[in-house]
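Take a look at the structure below.
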Amino acid sequence: MKTTVACRMIFKNLREYLAWLYYQYLLITGIYVLEPWEKSIFNSILFSAIAMVIYTSYVFVPIHVRLALEFFSGVFGGQTKSTMTLMN
Amino acid sequence: MGGCFRQGASALAARSGRLSISPSRRRVPEFTLNDARSGRDIITRFDLNMTEGSASKTFNGDACHRSSNGKSAGKNGYVKNHCMYRQPQKYRRPREKNRNVPHNSSLYKTPFMESFEETPLMVAVLTYMGYGILTIFGYLRDFLRHWNVEKCNVAREREEQKDFVPLYQDFENFYTRNLYMRIRDNWNRPICSVPGAKMDLVERVSQDYNWTFEHTGKVVKDVINMGSYNYLGFAENNGACADAAIEATHKYGVGVGSTRCEMGTLDIHEELEQLVARFLGVESSVAFGMGFATNSMNIPALTGKGCLILSDELNHASLVLGARLSASTIRVFKHNNMQSLEKLLRDAIAHGQPRTHRPWKKILILVEGIYSMEGSIVRLPEVIALKKRYKAYLYLDEAHSIGALGPNGRGVVDYFGLDPKDVDIMMGTFTKSFGAAGGYIGGKKELIDYLRRHSHSALYATSMPPPVAQQIITSMKIIMGEDGTTLGADRLRQLSQNTNYFRRKLREIGFIIYGNDDSPVVPMMLYMPAKIGAFGREMLKRNIGTVVVGFPATPIIESRARFCVSAAHTKEMLDTALEAISEVGDLLQLKYSRREQPLPSLGWMSEESLLQARWFVYGGEKKEKEKRQQQQEQQRDSSRHTDCQLLQEVPVPDMDNARATTPRWCASS
């Protein structure tokens, strides 16, 4: 939907396109009608939340993935070994 | 630039109030119509199935059995075997499919096309999210105001009232303070010229985010007016009407200084009333100085305690107020939904009044011709059939439809080609199509004489100023063609052309528009709260004045812009407006419609329509046998070749053009 409209709307440059995207963001979230200080509150809360999500995922996801891998390799690895020993 | 929003506020109050008639959900002994004392002969007639499927649905769907313990059905006032009462009555729009099916199409002489495209789910979710965010900020601001961090600009309780019931805490007030105020610049813009097709606006700015406005002293010139109810373009400061009004002012002055009952009846009023009666095709009529009061003061004169009023859920605030003032029992049926109306009527007759089960003294059905927020036209043929069947009275409010609909401009009765005598009370206003002020009621002579003596509007309200009466007389004569010219007919034709053109174009561009294809009120959906404000502002930047409508007047997610097409609009103006609307639609992402775009038109004309329809059926299409048989049956009745069923069979995607098959509009294209 965005692409078709972007075709219909003629943008001179990227800057204008980004401005339009920001305008859409204002309209859809409804903060278009807010006063500037409210807008900045909303934006800062939203962006800090997003930033925190990204940061935490950057920090914790690799650890969790490693732990999970270790756990599952432990579970499955142990099992194969034990069956092997049984078979032997 | 009407005060839709404000008017809406009362409409909301009205609406919510009406909904409060509702429901006790308790299962109560239910009873079938078979048992009802008077129900026997009614039930036999139900088999005729007045509104398709309603009888069978309601009777098969709800198991209706009278319980043997013999407790009374209407224990606390209402008959509770009524599905309307069992579920919470909230405004739910039926799915689009249901709306498009013409019920009882044999009653209609012309195709009855009304569409209400469903709200896209994503849009609905985002709209609610937007309202959620704004509500959070509203609470934040209220919090700051409460602790005097920021100045409170609106009324609030005084210190000494602290422990009393809060006055400004309800949702209405919250909404006004925190949502409406932010986009208030879109409403109540002062106009400083005649509000014709173009108008001049007083430029104003706000330094404090719409809490106060100041005028810059400049004027925004030549704004295309898409908001006024100037359907026939009689809002003029020159021409025959204005001249006649000036003459009347010279003759009579402006004020009358008394009521109709005392010293306020002038010969011009008598002339006006006779003319109105002739225009409407009724025996007699009475004119009042205010349209709103015509409804709100005359309904109490017509019904009282022990009467039942059946009111459409989207009726105007004036009708609601009148119904409430009358002290009658009010029951609300779903918008334009004949099954719902029939069910209420049937229950009313079968069960009678609550507790006593005496029959109702009167049953009055309140409907409007064109619903001003939906652009829908009342299903009058069906309403009249129901009214006759159940021996109820019909009150038809033609505020928007008089002058704007019908080949002769005589409103919705004329539009459907019905007999005005079938409508008991014909009410209408002079404020819209006639470019004047006031309202009328037409009907039987006894009714009108009764109203003259009992209506507050006639007894206590100052009578209509002579220039206004003269404006109405002159414009009405022009519409009737009694001035010896075809100006009136031209205006009517122009209006229907403009309406069809404007609606078709908007749909082609991809907007969701509501309502009947022939209604000059064109609501265009905006949905999101921020887009209400943005649309109004962007349109004004492009020199087009529009009315945007928000929550109290509409359901919360269905915010809309409402255009009123006028005969005064030229095609260039409409094109300019459409171009701007399309541009803003791209900018704001308003082209929600997911409907397939219509194919190139078939270019039907009145004479050729039948031939072409036949060609389509026999030559052009490989139809199944049964379909063909159906059509042959219809073609036997060749006089009704524009019946909706026929049009339904033939795949005509472009219904606006199919409209041209109607003989009465044929001269237009």
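At distances below 3.5 Å, not a single donor-acceptor pair connects side-chain atoms of Thr216(B) with backbone N or O atoms of Arg204(B). In terms of modelled atom types and a separation under 3.5 Å, the side chain of Gln24(A) and the main chain of Leu587(B) share a donor-acceptor contact.
At a 4.5 Å heavy-atom cutoff, the contact between Tyr23(A) and chain B is made by side-chain atoms alone. With a 4.5 Å cut-off on non-hydrogen atoms, Arg184(B) does not touch chain A at all. Proximity to chain A involves both the backbone and the side chain of Leu588(B), based on heavy atoms less than 4.5 angstrom apart. Proximity to chain A is limited to the side chain of Leu134(B), based on heavy atoms less than 4.5 angstrom apart.
Side-chain rings of Tyr55(A) and Tyr58(A) stay apart, their centers remaining 6.0 Å or farther from each other.
Ring orientation note: the planes of Phe174(B) and Tyr139(B) are tilted relative to one another, at an angle of 30° to 60°.
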